[in-house]
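One structure is given below, encoded as structure tokens.
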Amino acid sequence: MTADPKGVLTGIHFLDGDHAACEGALAAGCRFVSGYPITPSTEVVERFAQRIPMVGGVFIQMEDELAASITMLGAVWGGKKVMTVTSGPGLSLMMEHLGLAYITEAPCVFIDVQRGGPSTGLPTLPAQADMMQVKWGSHGDYEIIALCPNSPQECFDLTIKAFNLSEQWRVPVFLMMDEVVGHMTERVVIPEASEIEITERRWTKKAPGDYRPFEACADGVPAMTKAGEGHRIHVTGLTHDERGWPALTPKSQDKLIRRLTNKIRDNADALTDIREEECEGADVIVVSYGITSRVASSAVLQARAQGLKVGHARLVVAWPFPTTRIAYLATQCRAMVVPELNLGQMVHEVSRAVAGSVPVLLVDHAGGTVHEPQVILDRILEAAR
Amino acid sequence: MTADPKGVLTGIHFLDGDHAACEGALAAGCRFVSGYPITPSTEVVERFAQRIPMVGGVFIQMEDELAASITMLGAVWGGKKVMTVTSGPGLSLMMEHLGLAYITEAPCVFIDVQRGGPSTGLPTLPAQADMMQVKWGSHGDYEIIALCPNSPQECFDLTIKAFNLSEQWRVPVFLMMDEVVGHMTERVVIPEASEIEITERRWTKKAPGDYRPFEACADGVPAMTKAGEGHRIHVTGLTHDERGWPALTPKSQDKLIRRLTNKIRDNADALTDIREEECEGADVIVVSYGITSRVASSAVLQARAQGLKVGHARLVVAWPFPTTRIAYLATQCRAMVVPELNLGQMVHEVSRAVAGSVPVLLVDHAGGTVHEPQVILDRILEAAR
Amino acid sequence: MVSTGIRIGGLGGQGVILSGIILGKAASIFDGRNATLIQAFGPEARGSACSAQVTIADDPVAYPYVQNPDVLVVMSADAYTQFIPTLKPEGLLLYEEELVTPKDLPPGVKAYGIPATRIAEELGRRLVLNIVMVGFFAGVTGVVSLVAAEKALLSSVPKGTESLNLNAFRRGYEHGRSLVAAA
Amino acid sequence: MVSTGIRIGGLGGQGVILSGIILGKAASIFDGRNATLIQAFGPEARGSACSAQVTIADDPVAYPYVQNPDVLVVMSADAYTQFIPTLKPEGLLLYEEELVTPKDLPPGVKAYGIPATRIAEELGRRLVLNIVMVGFFAGVTGVVSLVAAEKALLSSVPKGTESLNLNAFRRGYEHGRSLVAAA
Amino acid sequence: MSESTLNDDLDLSGLPLVDNPVMPYLRQERIPHIWCPGCGIGTTVNCFTRALEEAAKDLDKVAIVSGIGCTGRVAGYLNLDSFHTTHGRAIPFATGLKLANPDLSVVVYSGDGDLFAIGGNHFMHAARRNMDILVVCVNNFTYGMTGGQVAPTTPIGATQTTMPFGNFENPASLPFLADAAGATFVARWTVFHVRQLTRCFKEALGKKGFRFIEIMAPCPTLFLRRNRLGDGVDMVRQYKERSVLRNGADTKEVAVGMEGDIVVGTFVDRERPTWLDAMNSHFSSVLGDRYRTYGG
Amino acid sequence: MSESTLNDDLDLSGLPLVDNPVMPYLRQERIPHIWCPGCGIGTTVNCFTRALEEAAKDLDKVAIVSGIGCTGRVAGYLNLDSFHTTHGRAIPFATGLKLANPDLSVVVYSGDGDLFAIGGNHFMHAARRNMDILVVCVNNFTYGMTGGQVAPTTPIGATQTTMPFGNFENPASLPFLADAAGATFVARWTVFHVRQLTRCFKEALGKKGFRFIEIMAPCPTLFLRRNRLGDGVDMVRQYKERSVLRNGADTKEVAVGMEGDIVVGTFVDRERPTWLDAMNSHFSSVLGDRYRTYGG
Amino acid sequence: MSDEAPVRKAKGTVFVQPEVCKGCSYCIEFCPTDCLEFGREFNAKGYHYPILGRPEDCTGCGLCGLYCPDFAIFGMRFKDLEAARAAAAATPPTR
Amino acid sequence: MSDEAPVRKAKGTVFVQPEVCKGCSYCIEFCPTDCLEFGREFNAKGYHYPILGRPEDCTGCGLCGLYCPDFAIFGMRFKDLEAARAAAAATPPTR
Ligand SMILES: Cc1ncc(C[n+]2csc(CCOP(=O)(O)OP(=O)(O)O)c2C)c(N)n1
Ligand SMILES: Cc1ncc(C[n+]2csc(CCOP(=O)(O)OP(=O)(O)O)c2C)c(N)n1
Ligand code: SF4
Ligand code: SF4
Ligand code: SF4
Ligand code: SF4
Ligand code: SF4
Ligand code: SF4
Ligand SMILES: [Mg+2]
Ligand SMILES: [Mg+2]
């Protein structure tokens, strides 16, 4: 299916990442956003509020992030494609509803424009320190998908991808922006609606009597309905059976939680999206994501200019972590360098994937700005030794 | 310093873990608890509400967990030793204030009695699936300490330890219970107050003019004061300087966040508390924690009965993760087996520490009950092959 | 290494957990042995179906659950149906005889019934049915000593209800002793 | 691989960011080159000190920050003090001449001033001072073409204010041309 | 199935069995429910379903949303599109549901702790916005599901596990809060008033805007027993004796305590545009043709 | 330091410099503050510090707690024990502080969004409990710190970034909510009323219980500019013209809009035992000697 | 039943599902004509459940059903019974 | 200043810190005797700041200082000035 032209602002624009992400959402068919303002993410919803009356849909600013993140889930069952947008402190308040979204398999997109933390931290400055939070921040076991754009153009493109993946897997999908990408302005090309592929919700074709809302199709994902269609569904955050009814036993827990987990884990390789550059035969591979990948690019170019064989692997999909591919890349090089705007988060996953086969060097950063390319370069040189 | 006898219920009792933890808190000098009821943790605060009028202090049931977790932080600056108590869904709501506690270096104890998740999940049944959440659930980079009791006696003992560590490092400390430990009743021996070592708050001796509330002592930890002493402190969740004033630059971020992180990371080895049993020269080492360690014990005994050399390493301190020691143990054995009541959480840390040197076998469990010992045994046998 | 696994099953409000506590306390505090009690509720903490598992042993208890009890005590039909398949082949069943009809009793199982609710009603408080069952348990099994059980009982019930509870306990105890003697 | 790094500094409310947007848009949309704009605020999103960094280049821009600008544009004394040390040795300084007194100018730096606030006030809206500066930039540097800059300007300002803004732009542009010509 | 206990006069054998009239509204395989003997929640469900019937609602277009708690389980028993959300958040969930599909009649059914302790802020804001939902609060003056802790409604003096020596904290008066926050319809009944409650449900189902019904209900297991107030039936008898009908009462004056009058009736009944109606009319007037009128 | 602009008549040279009377109350190295030209927050700070002086408070025993927002920065500028917490949670933080050390006089100073959007529930419950704190809300009808989004106080018709075509959502009337929740003292002033506000602060500082003062203040940067309402001074002039003093007004009738009267004055002033006093007297009466009276 | 004809003629009757009754006595207490009472039997859960002790007084008003929190009882007027049966025969009971 | 003596005698004066003034004009607008006005100069931030245009009218009432959101001005009665100076001399200004 292709995009609904109503939401698509075809043309060449000079947009910041926040605005581009909003256009991505509109193009993807998002027609309901419940939000709560927080720097540096607010521009996303401000634009949505401006645009949606002419597109057809609803924006509502709720009283807090608790409300914002569950109002969106109500709207899912009212039949809409939905999103909420926040930054660290707000994200911390959404953790309970991330779990609810997950266990009820509500397709939805969270945009997190990362700023310096912890706590109120550095409200207007960048970081990449919520990467582990989206994977582990809600209680219990769960899996999500997280995408990391490094430019306004990608904020547009990956927001569409986020919606599509969310519909395909019925799982919350995160767009992990950061303050720099959010406020960085560049050319953004928005294609014709007819050129934008959209994943439709998997509406059930079953009649009320036959439909079981949490009975998985072959790929592990159940078909959906919405309220008002006569299916008389029950949706609960309790452990439930295929009918959606509470089933509070270890056995139903095992069945449900494993299915939900495996939807993502079993498809981790298919979901992998790494942009690799000169990785084969490299001595050192830099593994980066988001805004840091652009800084790393500079460093990689400088290193190559010094005659080093340096590859660059950029994680477009950070979660599920591309364990298989990173393990493979480790067999191709002598060391890996992982720069991040945090004190070590995704590097743990890289280390785990690499399992000791080559050294993994973290280039950490407490946040507030991006790395100096030189710091990354120094680490590449060190790794190459 | 030893315990204040007012709070110490010396004697031999038949208590469940929740009640024992409450007695531990009272013995440790906790005189302020703000809570919100949630199964299976509520008994802790119910007992506190019952006991505190006779001990001298305050219990207040707040309107929600957001309030409970920050009311406690207000009480810290009012000079009290404090605690809050919850379970998964409530814990998810405390994530923002975990960050505030951390960045303001407020000594405080969180008790999490883990139940089946995600979301409302299995409210009355056990899990160990919040282990990663306490480490990663709040936005930004932070470090905490987490202790894992496996009996009511340890709920008592480790709650005292939690308070002591919290005062020593000025860091939030978690007691990671679970529904089984919380509701399991056993003999609990509470010693005389004079036999209980208590870490006093590090009160500053400096006069108002000289005191800088966030200036670290030699061990990285600043001395404290409370409101009303004339120090006229400022405490903020923003990135701040030694005076506590907002300092919104990458440089102050780096200085603050690294100091906070290193308080724990640099002392990870000293904080390590692993109870090891026949690990030297073992073929297989089982790494376990909390209630699972008791199930694992059964399996280990059975394996030994079959003639296998099996060691058992129980993590009493799960965070900071004892990387050094686990890496060392990996050099002593041929494989490690990690049973947990989740779909793989601490096993990631074990893998990372082991760095590929021996296989690490997870025995996962979706929660709702404990493992069958047989399942762990099977995995030990598999590992020994 | 003597160890006895006990499962007590009933409905919320019947005092299932308290009866487990009394047994565990008797063994671990007053008989000087070890005891671990595990309780299980229905949804959240509301009660409804409810059961306790008590392991009483000479050594400290590692695995805390009682998968296959040596003794099964049931105070509701549901509990009987749910737990009877788990009872050890040569196990012992103690049941409230007006609420539970032990049908399809596995061979080898010894079963003793007591009209605990009626006894409790006779004593004027239906609520002490669990204490009658505790006495019955002590009388039939001897797993906890009479002295320890009575001490544990007295330290576990609200002030002012001691003699009522002691009566209930003794009625159960004697009923148990007499059944065993008769058997 | 030609690349020009520009830093624009001023106070919240002076339209610093908008001037960066116009330059970036001119280059990347109307001149067919690449441009990346980075903005920085004070605490949360409230304004106060505020600056923009624009990189205009033939190739796509990787590292988006301008650490050592080729051109520094300042509209406040604070911005001057803060950013002048970062200016490239042979760099160019453009400044609002009533708000900024360029003292301790590093040797080698070329500096051009303009009374942008007064010009804006003359045009009747103090707020267009930023547009005067944009024109001034275009006039002095030629980094963006006049045509592109005017198109970018017109597509970036609110309807109804086009001619005011165009006037402001042109006043700045001409001031710039004349200074360069005089130099 | 049902069997008659009046057997001699009538020969019912061989006749088709007759269903309890509540049955078509329930997920019958889920009955018996989890509520305790004498719990008032079930009674309110009878009245609610009867009102659905009398209001001749298209049940496919009625959705019910609950939070967590004993009352929160209502959603799971009703044979409607039903949502059992998180503790305290039924109202914002319902807001999203209603805004996404304005054809639905959305009812929030939850407990006093859920709606007014953890959920109080959402209540206040939804009322302020005049979100078009009906909010039903079963007020049992306690946290039933978690075992009887103090609630923001617990009267002074009542003992609860977290107020073990009796509550000393001032309780909220729900109708007063609802009124101050802007609800368009505010009523209170007790489970004694089954007929009135049924009528009230029916009336509220027929209105628009943020409507609020408080129902006082006994929690024998945790509230009554702990306070030696007898069984459910004793409490309902109390309701009968203590309640005073006062339609249009000033909401300032309807607080309830352990003793004294229980003022019941419809206190507020007013008209204001709902959030969605306000949005549609505002955008139409400001944006004219450019606005795509939102229908769901 | 200050210098006189009236220079000819007086020779000030060589004399010790005189401090602005507000200075001893401020962390002076932190001035200039971050607030915009014409922002009303600073004016309220003058009045507050003047009241501290007039009330002769022991400043070592006054603690100030803010949430996040422009107003939230007040805590950081005042030279008191001061706490800048998280968005919306100043009140529960203050609750803990006060309960842990009852000797303190605890003031919460924050914005309308902070206290009534995200923080509304805590407001309601602290008022219900009669927590002994003074809550000051600088109501600028917008979210200043984050750039001018709609607040729960924004009048209908006002444009905000998230209501770009004008607000259509009904605003809350803060005094009405405070009253319904149970506050013991409720007053409203504007930054025009510097003398009255100072007096009101002083009065409130001298009382016990949950006290609430709403101060209407201009946010020129985000509220006024966007709504073409001129500069701060134009708004303060409006306050002057539109305000009507009505002490003891029924809180139902004090809502404010873009136009019309602004009712100011003290609306509620009543006595109820504070939470802590209630606890102490309740436990003393129930537990007698066994109770350890709590003093901090 | 006694062999004397009842003085009054019942206008309706009740249907009870003993197995779901929890013995709360609401139906008994709030029956306007006081015609219900507990039987002697326990159900499987151990509760006594109501029986129509004075059938002649039952008006079929249905209040007992409206009160019953466990959906264990309901009353019906004889004149509605026919229709209900017909309906039940047409659509098999949903249970 | 003109060389004619002022008609009225000032009762007080104001102190201004030009560098922190943001030119909001509150002091000017709400001075009860209307004795303040903006000077011609810009401060470092680019704002005009107030000067005492009609010093003879200043009563030292202090309202300007109470209004000033930037703590940039305050007024004082001459009779209080002495005391303030003495205090300032005793405890050096806290700034
Ligand atoms: C975030 C969170 N906190 C706490 C709980 C535990 N909890 C479940 S229900 C409940 C209170 C229920 O009280 P009420 O809403 O009055 O419902 P009732 O059971 O009385 O009908 C609580 C605290 C939870 N499920 N989630
Ligand atoms: C959890 C969280 N959500 C959102 C924010 C962003 N935020 C900061 S201040 C603010 C609103 C401020 O409005 P108000 O309280 O009225 O204060 P003002 O700035 O208007 O004085 C918001 C939404 C935050 N810091 N934390
Ligand atoms: S605990 Fe109370 S509210 Fe919950 S089901 Fe039982 S009686 Fe009802
Ligand atoms: S944004 Fe508004 S509220 Fe914030 S400082 Fe500026 S004028 Fe004041
Ligand atoms: S139907 Fe009416 S009269 Fe008959 S038993 Fe029920 S309540 Fe009584
Ligand atoms: S009302 Fe229902 S549950 Fe209660 S006694 Fe009557 S039939 Fe039984
Ligand atoms: S002190 Fe009073 S009279 Fe003098 S300038 Fe200030 S406001 Fe005007
Ligand atoms: S009130 Fe203060 S900031 Fe405003 S103009 Fe006067 S001195 Fe300047
Ligand atoms: Mg309740
Ligand atoms: Mg505000």
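The structure presented is a predicted model; accordingly, all values stated were derived computationally and were not measured. Lettering follows sequence order; numbering is per chain, from 1.
Heavy atoms closer than 4.5 Å to chain F are found in the backbone of H/Ile73, but not in its side chain. Contacts between F/Arg27 and chain H at a heavy-atom distance below 4.5 Å are absent for every atom of the residue. The contact between H/Phe30 and chain F is made entirely by side chain atoms (from C-beta outward), counting heavy-atom distances below 4.5 Å.
A donor-acceptor contact closer than 3.5 angstrom links the side chains of F/Glu214 and F/Asn139. Checking F/Tyr109 against F/Thr44 by side-chain atom types alone, a donor-acceptor pair falls below 3.5 Å. For the residue pair H/Thr33 and H/Asp57, no side-chain donor N or O sits within less than 3.5 Å of a side-chain acceptor on the partner. F/Gln160 and F/Thr142 are linked by a side-chain donor-acceptor pair at a separation below 3.5 angstrom, with hydrogens and angles left out of the test.
Chain H is approached within less than 4.5 Å, heavy atom to heavy atom, by F/Arg50 from residues 49-57 of chain F, ordered by number. Residues of residues 191-203 of chain F that come within less than 4.5 angstrom of chain H, heavy atom to heavy atom, are F/Val191, F/Phe192, F/Val194, F/Arg195, F/Thr198 in numerical order.
More than 12 heavy atoms of other shown residues, nucleotides or ligands fall within 6.0 angstrom of atom NZ in F/Lys61.
Put simply, CH2 on F/Trp35 and NZ on H/Lys22 are 9.0 Å apart, with the number rounded to the nearest 0.5 Å.
Ion pair F/Glu259/F/Arg242 not flagged as a salt bridge, since none of the NZ, NE, NH1 or NH2 atoms sits closer than 4.0 Å to an Asp/Glu carboxylate oxygen.
No close placement of the F/Phe212 and F/Phe185 rings is indicated, their centers lying 6.0 Å or farther apart.
The shortest non-hydrogen separation linking F/Gly72 to F/Ser110 is CA-OG, 4.3 Å.
Ring planes of F/His33 and H/Phe71: perpendicular class, angle over 60° (limits at 30 and 60°).
Using a 4.5 Å heavy-atom cutoff, the side chains of H/Cys64 and H/Phe74 are not in contact.
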